[in-house]
Amino acid sequence: MKRILVTGATSGIGRATALRLAAPDTEIIITGRRLDRLEKLKSEIEAKGAVCQLLNFDVRSEAECIKHLEPLGRVDILVNNAGLAAGLEHIDKGDSADWDAMIDTNVKGLLYVTKIISRAMVEAGKGGHIINIGSIAGTEPYENGAVYCASKHAVHAISQAMRADLLSAGIKVGEVRPGMVETEFSEVRFHGDKERADGVYRGVEPLKGEDIAEAIYWMLNLPAHMNVNDMVLMPTCQAGAYYTYRK
Ligand code: NDP
Ligand code: 8X3
């Protein structure tokens with residue numbers, strides 16, 4: 001049985017990935033802070049014939065990560081997806097609570113989870129596969145996005161360095177770096193302002209969580225000697241952080 005851990009599975013890319021990877025020979029372990037959503041997703045995963053375990057905790061707390069993840073022991077696959085953008089404004093107007101949320105979740109949370117899971121993989125000596133969800137913001141800093149972009153630059157750097165750290169243990173490390181994906185991402189970024197969030201996707205056909213899940217499925221099912229280090233995925237209407245064609 002293949003054991004797969006997906007963080008941030010209550011919505012968007014994480015939810016779609018957990019569902020895409022669910023199959024009769026898998027155990028899907030899903031995490032997030034919204035218990036009701038985890039419970040609903042667990043039934044959907046089980047309906048696909050997979051075993052499902054839900055872990056309800058906040059990745060910003062190292063103690064919570066240890067409490068919930070250490071008992072898992074080795075998993076075969078980790079998808080480090082939990083993350084967010086909070087706010088979109090010039091640096092002089094930024095809210096330090098938003099900055100903390102992004103750095104604590106996207107960078108420190110990813111590190112806490114990775115430390116526990118990669119250690120169990122190394123100790124078991126059977127390899128593994130870790131996929132980090134970065135962003136085009138990990139190489140293209142844009143106006144109003146200093147801290148989100150910094151957090152995803154960190155994910156990009158961590159992904160490259162940990163690939164080297166885990167090389168001798170036979171653990172594959174890949175990064176998926178999407179452009180615009182229509183999820184709850186913008187609603188979260190704009191603190192619940194749905195109208196402003198909808199505006200981000202007006203006049204374009206963005207990617208869906210399922211598109212990213214399909215790419216992750218493909219990366220995970222390549223032959224053992226092949227690894228995708230870095231995959232940048234955008235909707236056809238987007239050429240980069242500054243270039244979006246709207247109808
Ligand atoms: P969503 O807001 O739809 O999903 C985010 C997920 O992260 C939720 O399941 C949420 O669960 C979880 N999460 C957030 N904070 C925490 C926390 N402190 N502890 C545990 N889980 C947390 O957004 P996306 O699906 O779009 O985002 C997923 C990832 O993709 C993020 O890392 C994001 O930066 C990245 N990304 C998104 C893009 C986009 O355009 N949408 C483009 C490029 C990258 P809960 O709230 O229940 O805890
Ligand atoms: C999310 C995509 O362009 O808002 O990472 O940074 S973007």
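Both counts, for ligands and for their atoms, begin at 1 and track the order of listing.
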Between T7 (side chain) and N81 (backbone), is there a donor-acceptor pair under 3.5 Å?
yes

Check: of N106, T10, L233, min heavy-atom distance to atom 45 (P) of ligand 1 comes from T10

How about K48: does its NZ atom have over 12 heavy atoms from other parts shown lying under 6.0 Å from it?
yes

Does any N or O in the side chain of S43 come within less than 3.5 Å of the main-chain N or O of E39, such that one atom is a donor and the other an acceptor?
yes

Assign the ring pair F185 / Y148 to parallel, tilted or perpendicular, where the plane angle (0 to 90°) is split at 30° and 60°.
perpendicular

Nearest non-hydrogen atom to atom 6 (C) of ligand 1 belongs to which of S135, G8, G209?
G8

Mind checking whether M234 contacts ligand 2 via backbone (N, CA, C, O), side chain (CB onward), both or neither, at a 4.0 Å heavy-atom cut-off?
neither

Does Y148, backbone or side chain, put an N or O under 3.5 Å from an N or O of ligand 1?
yes

Return the closest protein heavy atom for atom 38 (C) of ligand 1 as residue, atom name and distance.
G179 O, 4.0 Å

What is the closest protein heavy atom to atom 23 (O) of ligand 1, and at what distance does it sit?
T183 OG1, 3.4 Å

Residue-ligand contact E140/ligand 2, heavy atom below 4.0 Å:
no

Residue that, paired with E175, satisfies side chain to side chain donor-acceptor pair (under 3.5 Å) out of K152, H156, Q160
H156

Hey, looking at atom 13 (N) of ligand 1, which of P178, A82, A18 has the closest heavy atom?
A82

Polar proximity ligand 1 side, I13 side, N/O cut 3.5 Å exclusive
yes

For atom 5 (C) of ligand 1, which of G83, A16, G14, G12 has the closest heavy atom?
G83

Could you say whether the N/O atoms of S135 and ligand 2 ever approach to under 3.5 Å?
yes

